Structures are given as C-alpha cells and as structure tokens.
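Take a look at the structure set out below.
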Amino acid sequence: MSTVERPAAETRRWVGQSVARKEDPKLLTGRAGFIGDVVLPGMLHGAVLRSPHAHARIVSIDTSEAEALPGVVVVLTGATAAELVDPMPAFCAEPVEQRAIAVDRVRFPGEAVAAVAATDRYIAEDACARIRVEYEVLPALVDPVAAMDPSATRVHETLDSNVVFHRTLDWGDVDADLARAHTIVRSSARWHRMGAHPIETAGAVASWDPFSQSMTMWSNSNFINFLPWAFAGILRVSTNRLRMIPCTVGGSFGSKHLITKVVSITGALSKACGRPVQYLEDRADNVAANDNVGCDRIYDAELALAEDGEMLGLVLRIIDDYGAYFQFAHGQHGNAVAQPVGPYRIGSLRYDVSCVLTNKVQQGFFRGAGADPGNFILERLVDKAALEMGIDRVELRRRNFIRPDQFPYKIPTGNIYDSGDYEAVLDRALEIAGLDRWRAEQERLRAEGRYLGIGLASCQERSGYNASEWWSFYDEPPLPATSTPESCKIDVDAMGGVRATIGCPLWGNSPETVVGQVVAEEFGIDPSAVSVVYADSTIGAISAGPGGSRVTIMLSGATRGAARTVKDKMIRVAASAMEMDPEDVECVDGVFRAKGAPGTSMTMAEVGMKAHLFHDGTDEAESSGLVAVYTYDHPYFTPPSADRSDLGAFYPMVSHACHIPIVEVDPETGEVTLRAYYVVNDCGTVMNPALVEGQVVGGIVQGIGAALMEEYSYGATDGALETPTFREYLLPSMHEVPEIVLEHLETPSPFTTYGVKGVGEGGRLVAPTAIASAVDDALRPLGVWVDELPMTPERVVGMIADAQRRP
Amino acid sequence: MPDEVRVRITVNGTRHDLRTEPRTLLADLLRNDLALPGTHLGCEQGVCGACTVLVDDVATRSCLVFAAQLDGASVRTVESLAGADGTLHPIQRAFTEEHGLQCGFCTPGMLMGACELLERVPEPRREDVEEALGGNLCRCTGYQNIVRSVCAAGRLMAGQASDGQTSDGQTSDEQSGVRA
Ligand code: FES
Ligand code: FES
C-alpha cells in the first residue's frame with residue numbers, strides 16, 4: 001500500500017469548488033449528439049421482432065412477406081445473423097452461449113428472433129409485423145426455487161442444472177462465532193428485480209466497409225476504450241479495423257457498459273448490406289431485452305451477536321435469479337463482498353450463493369451492482385437485532401462501528417477500507433434531522449391514529465473497482481489482478497490553448513467539468529479556458545469509464561498525470577529559453593516564471609510557440625510539441641489468494657453515508673409518503689459540491705423507486721413480462737420526492753490523487769434500506785416487519801393484515 | 001407508399017410547407033424532416049415527457065401527435081430558446097446555475113414544459129412546478145434541482161422584464177461560474 005502526497009485542501013483553488021458544468025450548454029440547447037442524432041448518408045433504420053413467449057422452440061420463420069415490402073433492405077434471423085457475427089462475449093466460465101438474435105430457441109419474453117433494416121423506422125416496424133414465426137411453447141421457468149429442482153426443465157441443455165453457479169466461501173471462523181453468540185438474528189428477505197431505465201434507450205450506428213473490412217461503430221456504450229476487442233470479437237472485425245465512436249449518453253446507471261446485443265444486431269445488419277444502419281431500442285425493446293436489470297435475490301441471513309451487542313459473524317445464503325443467460329458471471333456477488341460487513345467490525349462471514357437460470361432477461365448491472373441488496377440485508381439485520389436485543393438501534397451501530405484509528409481496515413474478505421469516521425457522520429445526521437422533534441411529532445400523530453416513521457441506515461459505498469470482482473469466486477482461471485485504468489491526453493498548442501482528450505464518454509456525469517477543474521488546478525488557469533473532447537477508440541489508450549463509482553477518482557488521477565507531464569516539459573522549454581535551470585522555474589497562474597524573481601517569465605502562449613515551432617535542438621532527448629497521454633492505473637489493489645481466503649484489496653476507496661428518511665404510512669390505503677429526508681455523506685474530498693449533491697439526490701430518488709414502486713413482474717405460469725412499459729413499470733416522479741437535506745463530512749482517501757472517493761452509486765445504495773427502516777418504525781405498533789420491497793400500497797396493506805393475523 | 005398529406009407548419013418561427021405520410025409523428029417530423037434533434041424520444045407512448053414541445057403555446061407530447069393534425073399550427077422546440085450568438089435563454093441559464101440537469105436527455109422536455117408554465121405563471125411556486133412538470137420523468141436528477149431551476153427561471157425572467165437585470169441576488173465568479 002502506498003499513500004499519496006497531496007497539497008493541503010487550503011492551497012487548492014479549483015478542486016472542491018462548485019465550478020459551472022462544462023457539459024451543460026450543448027445539453028440545454030439540444031445539440032449534444034446522442035446516438036439518435038447520428039445521421040449518415042444512405043443510412044438505414046433497424047427494428048427487431050421479439051418473442052412473445054418466455055420459453056419456446058422456434059419451429060420456423062418465414063421472412064418472405066417482410067422482404068417483399070418496398071423499402072426493406074435486409075431481414076436477418078438468428079441463423080442468418082450467425083453467419084455474420086459471433087455470440088456475445090461471456091465473462092462466465094460455464095458454457096452458456098448467448099446470441100443477439102436467438103437461434104432455434106427463445107429463453108425469455110422479448111428475446112430477439114429477427115431484425116430488419118429498411119429505409120425508415122416505420123417501414124422496418126411494418127416489416128417486423130410481416131414476419132411469420134411458428135413457436136412450440138415450452139414450460140416457462142419463473143420461480144428460481146422451482147428452477148433449482150433437478151427435475152426442472154433446463155434453460156440450457158449445455159448445463160446439468162439450472163443452478164449455473166454455486167459456491168460457499170467462509171472468511172474467518174464462522175462456526176465458532178455462531179457457537180459463542182448470545183443472540184442470532186435471522187432474516188429471510190427478498191431483493192427484487194429492477195431496471196436501470198435511463199430515459200435514453202441503447203442504440204448504435206454501424207457502418208461496414210466491405211472493401212477495407214473495417215467497421216465504424218457509433219454507440220452509447222461505455223467500454224469503447226476498455227474492451228474494444230470484445231466488440232471486435234462479436235463483429236468478426238480485426239481489432240485494429242474497428243473504430244468505436246462515443247456519443248453523448250442519455251443516462252446509463254450501469255446499463256450501457258457493453259450493450260453487446262444492440263451493437264451486434266446493428267453490426268450484423270450493416271454487414272449484410274454494406275450500408276450504414278442505425279438501430280435504437282424503443283422503450284419496449286429496452287425494458288424487455290436490454291441487460292439493464294439488477295439483482296434478484298432471496299436471502300436467508302443470520303447475524304450473530306454477543307450479549308453486549310458486539311457483532312461477531314454474518315451468514316448470507318443467497319439464491320439469485322439471473323434470468324436466461326450468465327454473460328457477466330457472478331460479478332454482482334464479487335462486488336457485494338467488497339463491503340458485506342458494512343461499517344461494522346464483524347469478524348467472520350459465510351457467503352453461500354446459488355446463481356439460478358430462469359426464463360427472464362439476464363441480469364446486467366444497475367447502480368449498486370450487487371452491493372445494493374448487500375446493504376439492504378445487513379441493515380435489516382442490524383435493525384432487527386436492535387429490536388430483539390432491546391438495544392437502541394443507534395447505540396448498537398455505535399458499538400460496532402470501525403473506529404477512525406483502525407484505518408486502513410481489512411474486512412474478513414480481504415478488501416480494505418481506506419478511511420472514515422462513521423460515528424461523526426451518524427452524529428451529524430441525527431443533528432440535522434432534529435430527531436427529538438420528529439419523535440415528538442410521531443407521538444403526537446400516533447395519538448391521532450396516524451403513523452409516522454423515522455428511518456436510519458449507515459452504509460458503505462465501495463468505489464473504484466478492480467475487475468477481479470468479475471471472476472474472484474472461480475478458482476480458474478487464476479487471472480492476475482487487473483488495474484482497471486483510465487487515460488487522458490493533454491496537449492498545449494502553439495498559442496497556449498489547453499485541450500484534454502479523454503477516453504471515457506459522457507454518461508450523464510460530469511467528466512469535462514472534473515477534467516477542467518484538475519487542469520485548472522495544475523496550471524493555475526481558469527477551468528473555462530480548458531477544452532475537453534471525447535476520444536474514439538483510435539486514441540489507443542485504455543479507459544474503463546464510469547462504473548463502480550470510479551470515474552472522478554480515476555479521471556482526476558489521469559488528468560493530473562497528463563497535465564503534470566506537459567507542464568514539466570513546458571518548464572524545461574521555458575527554462576531553456578530564459579537560460580535558467582528548470583529547477584528554478586515554476587508555473588503559477590498560467591505563467592512560467594523564475595522562482596523568487598517573478599519579473600522573468602513566459603506566458604503559456606510563448607512557451608507553446610517555442611515548443612511547437614522553435615525547438616532549439618539543444619536537448620536531443622526532447623522533441624517538438626507539447627502532448628502527453630497519461631494512463632492512471634488503479635491506485636491500490638492486490639490479487640486474490642489462490643485459495644480465495646483473501647480476495648485482496650479490490651474496492652478500497654470506501655465512502656459512507658447515514659440516511660434518515662421520515663415517512664408517513666396510511667394503514668388503510670397502504671400508501672407510504674416521504675415527509676422529509678436527511679443525509680450526511682462522506683465521499684472523501686468533494687471534487688465539486690454541486691455535482692456531488694446532484695449524484696446523491698438522484699441516487700436517493702432511484703432508491704425511493706426501489707423502496708416504493710419499481711419492480712419487474714412476470715406471469716407466474718406463462719412467464720410473460722407484466723411490466724413491459726413505463727405505464728406498468730413505475731418510476732418516481734416529482735410527486736414522490738421530498739426535500740432532501742444533504743451535508744458532507746470529508747475523510748480524504750489516502751490512496752487517490754486528491755483524496756477523492758466515489759459517490760455515483762451511494763444514494764441508491766442506502767435509500768431503500770433506510771426507507772424500509774422508516775416504514776418499520778411507523779408501523780411498529782402494528783407489528784410489521786419489512787423484508788420485501790417495493791412497499792407498494794397493496795404490499796403494505798398485506799403486511800399489516802399478516803401482522804395482525806399473527807398470534 | 002401510403003398517400004402523403006400536406007402540412008403547413010411554423011416551427012420556431014420558420015414556415016414550412018411539407019408533405020408527409022399521415023402516420024408521421026410530430027416528433028419524427030421535427031427530428032428527421034426538419035433536422036431538429038433537440039426533441040428527444042424516451043418512450044414513444046406519452047409517459048416520459050422527454051418529447052414535450054409547445055404547439056400553439058401549449059405543452060404537447062410530440063410522440064402522441066401526428067404531424068398531419070397540425071396543419072396551420074405553430075410549434076416551438078428547445079432549439080427556439082437560445083440565441084444564435086450562444087446566449088442562453090433565462091430558463092436554460094437557471095437550469096445550469098441550479099444544476100437542474102445531468103445527462104440532459106429529459107431536459108428539452110423539461111425546458112419546454114417550464115416555458116409554458118412560466119408564460120402562464122410568471123413566478124411559480126414549487127406546487128405549480130409539480131403540477132406542470134409532474135408528468136415529466138427524469139432518471140438522473142431526483143427532480144429537486146429541476147424544481148429549483150424553474151422557480152429561479154421565474155425570478156430571472158421577472159427581473160429581466162422589470163429592469164433588465166438579474167434578480168436572483170446571487171454573485172458568481174464571472175468566468176468560472178463558481179457558485180456562491
Ligand atoms: S417520448 Fe413522448 S412522452 Fe415519452
Ligand atoms: S437529466 Fe438525465 S433524465 Fe433527466
């Protein structure tokens with residue numbers, strides 16, 4: 001482990017300020033260049049025909065009528081597409097093959113069975129309606145527990161069982177902790193299936209050139225500079241002949257890392273006709289078939305505690321419904337074990353996971369990526385322990401928090417927590433919430449027969465991933481640890497203009513603003529003077545982009561590295577021109593000047609002109625120009641041990657938050673209303689307070705959706721998707737959102753460039769469990785315990801009725 | 001090819017005389033035929049509000065209206081707001097000052113919905129904004145700053161109308177826009 005020397009916060013000028021967002025003007029004026037805005041000469045438009053059945057054999061497909069329609073250029077079935085493109089890249093070791101267009105068999109409702117390219121989208125849709133598919137319907141596997149039965153129909157013939165992956169891992173002496181426990185709290189909880197559902201769907205424009213065998217691909221994927229070879233593999237294009245161009249992305253929340261189905265279908269259509277093709281999912285495509293669905297878990301959990309409330313050990317048995325494919329393997333569990341013990345000193349953990357295949361769309365990634373249900377179950381157990389042991393829930397947390405003097409702290413799985421002061425966060429949250437006032441209000445309302453509840457959750461947000469989470473539960477292959485890097489190129493032109501070129505796309509966060517702040521900090525210029533552009537894959541520098549709350553951490557490291565490299569060269573050029581030793585030259589406020597003798601100086605433009613056009617040849621090692629590409633590797637990671645008894649440091653920048661929501665529940669209608677919401681957040685050094693607040697509040701509102709309304713639902717017998725559009729799958733609107741009061745504490749990370757930690761997922765990582773705790777608190781007199789979300793009116797009424805029936 | 005219909009429509013002050021299929025949606029006419037990509041499609045079924053434009057000054061979901069229904073109508077899209085010289089409209093300024101957008105995909109619909117509201121109710125309160133924009137979905141911001149933005153826009157516009165100056169009382173660093 002190494003710690004980073006870093007200038008004191010007081011000396012910083014731009015890092016830490018609410019600098020105006022550079023991204024805004026183009027977004028506000030409708031000229032940001034989303035994938036739907038890409039238009040090429042001769043471009044065709046794609047549409048996809050999808051299976052109405054959850055599980056069926058494709059007996060025959062007749063495309064003749066569709067092909068005869070004027071304006072239709074190509075119709076592809078699974079079989080004809082397979083001649084042009086390869087199956088999806090899979091991160092799993094098990095033989096689960098997935099193609100973008102199904103061949104012979106469909107395994108979830110909405111799986112693609114044919115695709116069309118036509119002169120406009122309307123005609124492409126008409127053509128889809130003219131394709132005749134004969135299906136032989138097969139039994140649909142909807143319930144994951146039933147799917148585990150050895151006699152159940154198999155989703156994939158290549159597997160012996162629908163349990164595609166099972167493993168039990170023990171860290172620490174779990175049995176001993178269970179044996180010596182005074183109390184063991186149990187919870188059977190359910191974390192339900194939700195979708196990321198950005199307002200922009202996924203899309204791509206592919207342009208295949210059969211003469212040079214090269215492909216240009218515009219898309220709203222993130223991984224264009226991280227895994228471009230994976231796309232080349234699907235498209236059967238050599239890696240150095242695939243050019244991936246980023247677009248401004250209308251939100252992702254984890255769902256657009258790869259979008260391999262969309263890329264594959266678009267690429268196949270373009271290859272089939274040698275013309276550019278655009279395919280944009282419509283909302284029905286996106287809800288049914290984009291891999292934007294998060295975890296779908298059944299927990300059987302135990303928390304072992306000593307008599308004084310000391311948390312000893314944790315047992316998590318999980319059945320996770322992965323849907324029909326396993327493209328991203330058990331990555332969501334690799335992720336969850338970065339922080340399974342939360343902010344507490346829990347000494348041992350048993351993690352038993354069964355990944356089960358069913359006839360639903362497969363899991364992808366959604367903000368939280370596996371740690372979201374982890375926080376939910378842990379905080380539910382802690383609240384339950386407080387209740388059962390008669391210890392105040394705040395006090396129980398206090399007794400078990402990792403203390404500030406214990407950092408860096410190694411948790412049982414091997415991950416490291418870098419820094420924190422959890423009790424200070426809790427104290428401040430209680431203060432700003434004005435707990436006594438709300439308790440009084442609660443009592444007053446109870447006398448009137450009304451139910452107010454005060455929620456509380458103290459949770460972690462691991463950030464800055466090292467991709468070993470994707471494979472660490474496998475013994476093989478024994479891959480080395482990955483550094484998940486990020487790159488930035490900076491050039492200063494002959495007139496002193498500074499431009500940064502970054503490898504990650506604009507995904508709705510603020511990379512341009514962050515880069516502007518960091519460059520401004522390094523050169524002492526104004527952020528508005530820095531121009532930022534997005535690189536396509538020809539930059540040839542690796543960038544994993546946003547994900548796992550990493551981008552500000554990694555991008556600030558990459559940008560500072562590139563800026564310093566260029567600045568150092570400018571110092572040498574200026575020193576040579578001023579006939580001084582470089583040691584005696586500094587850059588202050590964008591001016592290169594002699595240390596201690598500010599009279600002798602050169603502007604950025606003067607240095608730029610000299611470096612570009614008047615290289616004096618005195619230093620043979622130095623060539624003309626001012627440009628540097630800097631790749632910032634993950635600042636601190638270690639590999640898993642061979643026996644997996646130590647997974648290594650793989651997510652060591654750990655933010656923390658305490659949420660206190662106030663709800664009112666109407667026991668007659670079951671309606672839950674948020675009256676107020678208080679948050680204290682610690683994400684290390686706050687790069688830009690306004691933007692951080694935006695991330696936290698946006699995440700909390702997604703968490704409100706998780707807690708109260710969002711849910712994928714499938715027909716119990718036929719497996720039909722019952723929530724195919726935004727009419728059935730409900731997203732939070734302005735009406736559900738209370739005023740959210742937010743404060744920050746800062747415990748800078750010792751590992752990162754400016755002490756920054758992640759913040760992109762935190763709101764959603766904490767809010768659902770905090771709101772569940774508030775509903776419990778409200779309905780305590782009625783004996784309700786929340787172990788299932790979302791708390792829709794029907795479910796709340798049902799929970800109250802169940803509680804009343806219990807003796 | 002189905003028969004085409006004639007549509008005479010004014011969009012952002014420019015008159016067009018077009019022929020289009022009867023089934024062409026207003027959103028597609030704007031985006032494809034008139035090359036105005038600022039109007040976004042999030043659901044194409046009237047739920048998300050991203051496609052909101054003003055038709056004869058009324059906020060309208062352009063994914064639910066056929067262009068053929070609008071012969072003689074006047075339409076305003078997000079492209080009508082800012083000046084060609086790069087000056088943002090006060091509503092746009094308020095959205096950037098209050099950080100009322102993240103990915104920006106819902107934003108054109110929010111801006112046009114806000115535009116209609118502010119023309120009706122010059123200095124709206126939170127409840128007015130919720131009533132006007134409660135049906136527009138945003139997956140990024142959590143809405144809090146959108147509400148603030150619209151209220152701030154009202155103040156900015158009122159200030160401009162009365163004395164040509166901003167009225168929000170905020171000081172901001174001229175160049176970098178650091179918020180007070
Ligand atoms: S696209 Fe028109 S309301 Fe969603
Ligand atoms: S800013 Fe992304 S949907 Fe509203």
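Numbers restart at 1 for each chain; the letters A, B, ... are given by sequence-line order, proteins then strands. Quick caveat: nothing in here was measured; it's all calculated off a predicted structure. Heavy atoms only: backbone and side chains are in, while hydrogens, waters and symmetry mates are out.
Among the candidates B:R126, B:M110, B:H89, the residue making the largest number of heavy-atom pairs closer than 4.5 Å to chain A is B:R126. Between chain B and the residues A:G30, A:S252, A:G508, A:G33, the largest count of heavy-atom pairs under 4.5 Å involves A:G508. Comparing A:F726, A:W507, A:Y122 by how many heavy-atom pairs each has under 4.5 Å with chain B, the most go to A:Y122. Highest contact tally toward chain A, considering only B:T77, B:L81, B:L133, B:L36, is held by B:L133 [criterion: heavy-atom pairs under 4.5 Å]. By number of non-hydrogen pairs under 4.5 angstrom with chain A, the leading residue of B:C106, B:P108, B:C140, B:A82 is B:C140. Each of A:I740, A:L506, A:N286, A:V696 has some count of heavy-atom pairs under 4.5 Å with chain B, and the biggest count is that of A:I740. Considering only heavy-atom pairs separated by less than 4.5 Å from chain B, the leading option among A:R727, A:K22, A:R121 is A:R727. Chain B forms more heavy-atom pairs under 4.5 Å with one residue of A:V701, A:D282, A:I199 than with any other, namely A:I199. With chain B as partner, the option from A:N509, A:L280, A:L69, A:L28 having the largest number of non-hydrogen pairs under 4.5 angstrom is A:L28. Contact count versus chain A (heavy atoms, under 4.5 Å) is highest, among B:G42, B:G135, B:G100, for B:G42. Between chain A and the options B:I91, B:D28, B:V129, B:N136, the largest number of non-hydrogen pairs under 4.5 Å is found for B:D28.
Taking OG of B:S62 as the reference point, atom CG of B:L25 lies at 8.0 Å (rounded to 0.5 Å). In this structure, CD1 on B:I9 lies 5.5 Å from CG on B:L26, to the nearest 0.5 angstrom.
In this structure the side chain of A:I35 reaches within 4.5 angstrom of the side chain of A:E200, judged on heavy atoms. Residues A:I771 and A:Y677 are in side-chain contact: their nearest non-hydrogen atoms beyond the backbone lie under 4.5 Å apart. Residues A:N290 and A:N292 have side chains in contact (heavy-atom distance under 4.5 Å, counting atoms from C-beta outward).
Contacts of A:L731 with chain B are made by both backbone and side-chain atoms, with heavy-atom separations under 4.5 Å. With a 4.5 angstrom heavy-atom cutoff, A:P198 touches chain B only via backbone atoms. Contact annotation for A:Q695: both backbone and side-chain heavy atoms come within less than 4.5 Å of a heavy atom of chain B. Only the backbone of A:V249 has a heavy atom closer than 4.5 Å to any heavy atom of chain B. A:E23 does not touch chain B: none of its heavy atoms, backbone or side chain, sits under 4.5 Å away. In this structure, the portion of B:T141 lying under 4.5 Å from any heavy atom of chain A is its backbone and not its side chain. Using a 4.5 Å cut-off between heavy atoms, A:L691 contacts chain B through both its backbone and its side chain. Residue contact with chain B, scored on non-hydrogen atoms closer than 4.5 Å, involves the backbone and the side chain of A:T725 alike. Residue B:L101 touches chain A through both its backbone and its side chain, counting heavy-atom pairs closer than 4.5 Å. For B:E44, the part lying near chain A is the side chain, with the backbone staying farther off; criterion is any non-hydrogen pair under 4.5 Å. Proximity to chain B (any heavy atom under 4.5 Å) is restricted, for A:A196, to the backbone atoms N, CA, C and O. Residue A:D120 touches chain B through its side chain alone, counting heavy-atom pairs closer than 4.5 Å.
A:Y678 and A:E743 form no side-chain donor-acceptor contact under 3.5 Å, judged by distance and modelled atom types alone. At a cut-off of 3.5 Å, with distance as the only test, a side-chain donor of A:D24 or B:T96 sits close to an acceptor on the other residue. Between A:Q702 and A:R367, the side chains place a donor N or O and an acceptor N or O closer than 3.5 Å (distance only, hydrogens not considered).
Under a 4.0 Å N-O distance rule, the pair A:E739/B:R148 qualifies as a salt bridge. Using a 4.0 Å cut-off between charged nitrogen and carboxylate oxygen, B:D71 and B:R8 count as a salt-bridge pair. Using a cut-off of 4.0 Å between Lys/Arg side-chain N and Asp/Glu carboxylate O, A:E512 and A:K26 are scored as salt-bridged.
Aromatic ring pairs are classed by plane angle as parallel below 30°, tilted from 30° to 60° and perpendicular above 60°; the pair B:H40 and A:F34 is perpendicular.
For the pairing with A:V72, the side chain to side chain contact (heavy atoms under 4.5 Å, CB included) check across A:D126, A:I123, A:L44 returns one residue only, A:I123.
Figure legend: cation-pi geometry between A:R764 and A:F366, with NZ or CZ positioned under 6.0 Å from the six-membered ring centre and within 45° of its axis.
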